[in-house]
Amino acid sequence: MSEAKKLSGAGLRGQSAGETALSTVGVSGSGLTYRGYDVKDLGENATFEEVAYLILYGELPTQAQLDAYKTKLKGMRGLPQALKEVLERIPADAHPMDVMRTGCSMLGNLEAEHSFSQQSEISDRLLAAFPSFICYWYRFSHDGVRIETETDDAQIGAHFLHLLHGKAPSALHAKVMDVSLILYAEHEFNASTFTARVCASTLSDMHSCVTGAIGSLRGPLHGGANEAAMELIQDMKDEADARDILMGKLERKDKIMGFGHAIYRDSDPRNAIIKEWSEKLAAANGDDRLYRVSVACEALMWEQKKLFCNADFFHASAYHYMDIPTKLFTPIFVCSRLTGWAAHVMEQRSNNRIIRPSADYVGVAPRKVVPIANR
Ligand SMILES: CC(=O)SCCNC(=O)CCNC(=O)[C@H](O)C(C)(C)COP(=O)(O)OP(=O)(O)OC[C@H]1O[C@@H](n2cnc3c(N)ncnc32)[C@H](O)[C@@H]1OP(=O)(O)O
Ligand SMILES: O=C([O-])CC(=O)C(=O)O
């Protein structure tokens, strides 16, 4: 078993910022559990709706609870007219993460959280509505169509692909989306979740917490890495080309997106799972170039830097094989991580003290204001 990564230095690394009962990350160097269940076990033996229920409500559902939950979520997919009008005004060249942020914020105006007793309803509503509003905006701004966001798909992953492509996905694509949503659902005190918790600690509303979290997830050092990884691999012709491109980047000391992790030491347990599905998609697709160059990148990064793929790297090829436009990669992460964010907000609220750390002052010594005419 590997040792835990040495955690110290800037970025609050290694400092406990609170307690959580939601997940463990890299407790023994690698490994990820949601409420005590290994993510691999969940990926193999549960669906995303079961995992969302586990994260938001504390236990895996019974069949009756799951059926009722799926029916409930299905009934919450519609968008208010005012939100559609806002989405229609956002230009096609906007970043979809900005669309998510605006959509979440707008829904907070239309369906505000007036009391914390509404927190579970609001979380379920966001979980159901996120795929609707990213696809509504995308299809309107790119194809000029106003889609109907209430599909009959039982699961969120299939529903997303259906809205995006205008037809129900294959069983393989629906399965991969479902697993992907499970992998991205929760990850302890990562940057976006911590953003949500800081916001929650002021006793703010759920939509504000989630809107802030979306902003944090957008950056390429966090969720935005899956898009950046796609941009890296998309033009690699073959394994040799992949090695040349990466060596050049390493010589220039560029960051390679989709590699490394703040907590894990020698692997991210989500990588092996999505990598396997990417390989299956490549085979089904009949063109495995993206998969092969990704494997070559993985080998070279380990050989040269002892850096491993995080959850984002093989998601790039997997999503591409399912015809998902690159700029929608990080919004899918949002559709999943909403579960973790919302559960952390609820956990923070249940035992709250405002999060307000201190800073080490490194500025100038105390001084007097010089009258403006003498400066
Ligand atoms: C779902 C997710 O959010 S997973 C993370 C997604 N983000 C990325 O893939 C972006 C690329 N990766 C990174 O920038 C980093 O690895 C982070 C942000 C994830 C973690 O950052 P840190 O905890 O500061 O990394 P860590 O302490 O392990 O870095 C050790 C060294 O490896 C280098 N390093 C880490 N990751 C990379 C990388 N992807 N490419 C090149 N060098 C890297 C660091 O620059 C550092 O070098 P230094 O000691 O010379 O400064
Ligand atoms: O934990 C982190 O720092 C980033 C990450 O992998 C995640 O949020 O899924």
Donor-acceptor check, side chain of [X] to backbone of [Y], threshold 3.5 angstrom: yes or no?
X	Y	value
Ser317	Phe314	yes
Thr339	Ala185	yes
Tyr321	Asp287	yes
Glu186	Glu188	yes
Arg337	Tyr184	yes
Glu113	Met206	yes
Ser208	Ser204	no
Glu227	Thr330	yes
Asp143	Val145	no
Arg289	Lys237	no

Would you say that more than 12 heavy atoms from the other residues, nucleotides or ligands in this model lie under 6.0 Å from the [atom1] of [X], or not?
X	atom1	result
Arg367	CZ	no
Glu59	CD	no
Arg252	CZ	yes
Asn374	CG	yes
Lys306	NZ	yes

Work out which heavy atom in [X] is nearest to a heavy atom in [Y]; give both atom names and the distance.
X	Y	result
Ala318	Leu281	O-CD1, 3.5 Å
Ile274	Ala311	CG2-O, 4.1 Å
Leu163	Pro131	CD1-O, 3.8 Å
Arg218	Asp98	NE-OD1, 2.7 Å
Leu203	Phe116	O-CZ, 3.7 Å
Trp341	Ile214	CZ3-CG1, 3.8 Å

Next item on the list: Please assess Leu290 against Met230 for the test side chain to side chain contact (heavy atoms under 4.5 Å, CB included), listing each intermediate value before the final yes or no.
Entry: CA-CA 9 Å; Leu290 279 180; Met230 186 63 216; 3.8 Å; yes

Checklist line | Evaluation steps, side chain to side chain contact (heavy atoms under 4.5 Å, CB included), between Val39 and Thr33 | finding: CA-CA 6 Å; Val39 74; Thr33 63; over 6 Å; no

Next item on the list: Step by step, work out the side chain to side chain contact (heavy atoms under 4.5 Å, CB included) result for Phe130 and Leu338.
Entry: CA-CA 9 Å; Phe130 273 175; Leu338 180 274; 3.8 Å; yes

Notebook entry, point to check: Is the Tyr264 ring parallel, tilted or perpendicular to the His261 ring (thresholds 30°, 60°)?
Noted result: tilted

Check: Which word best sums up how the rings of Tyr57 and Tyr69 line up, parallel for under 30°, tilted for 30 to 60°, or perpendicular for over 60°?
Finding: perpendicular

When you compare the side chains of [X] and [Y], does any donor N or O come within less than 3.5 Å of an acceptor on the partner?
X	Y	answer
His315	Ser180	yes
His222	Ser192	yes
Asn351	Glu19	no

Checklist line | Positive for side-chain contact (heavy atoms from CB on, under 4.5 Å) with Ile233, one of Leu246, Val293, Ile245 | finding: Val293

Next item on the list: Sort out for me which residue in His159, His162, Lys74 forms a side-chain contact (heavy atoms from CB on, under 4.5 Å) with Asp152.
Entry: Lys74

Next item on the list: Show your reasoning for whether side chain to side chain contact (heavy atoms under 4.5 Å, CB included) applies to Met100 and Thr211.
Entry: CA-CA 8 Å; Met100 297 300 277; Thr211 302; over 6 Å; no

Checklist line | Met76 with Ile156, same ILVMFWY side-chain cluster at under 4.5 Å | finding: no

Margin query: For Phe313 and Phe259, I'd like to know if the aromatic rings sit close, meaning centre-to-centre distance below 6.0 Å.
Written below: yes

Closer than 4.0 angstrom, basic N to acidic O: yes or no for [X] and [Y]?
X	Y	value
Arg270	Asp268	yes
Arg77	Glu150	no
Arg125	Glu121	no
Lys280	Glu276	yes

Margin query: Using side-chain heavy atoms (C-beta onward) and a distance below 4.5 Å, is Leu307 in contact with Trp302?
Written below: no

Checklist line | His187 side, atom NE2; Ile263 side, atom CD1 - distance, nearest 0.5 Å | finding: 8.5 Å

Note to self: Walk me through whether Ser115 and Ser117 qualify under side-chain hydrogen bond (donor to acceptor under 3.5 Å, both in side chains).
What the structure shows: CA-CA 5 Å; Ser115 148; Ser117 65; 2.7 Å; yes

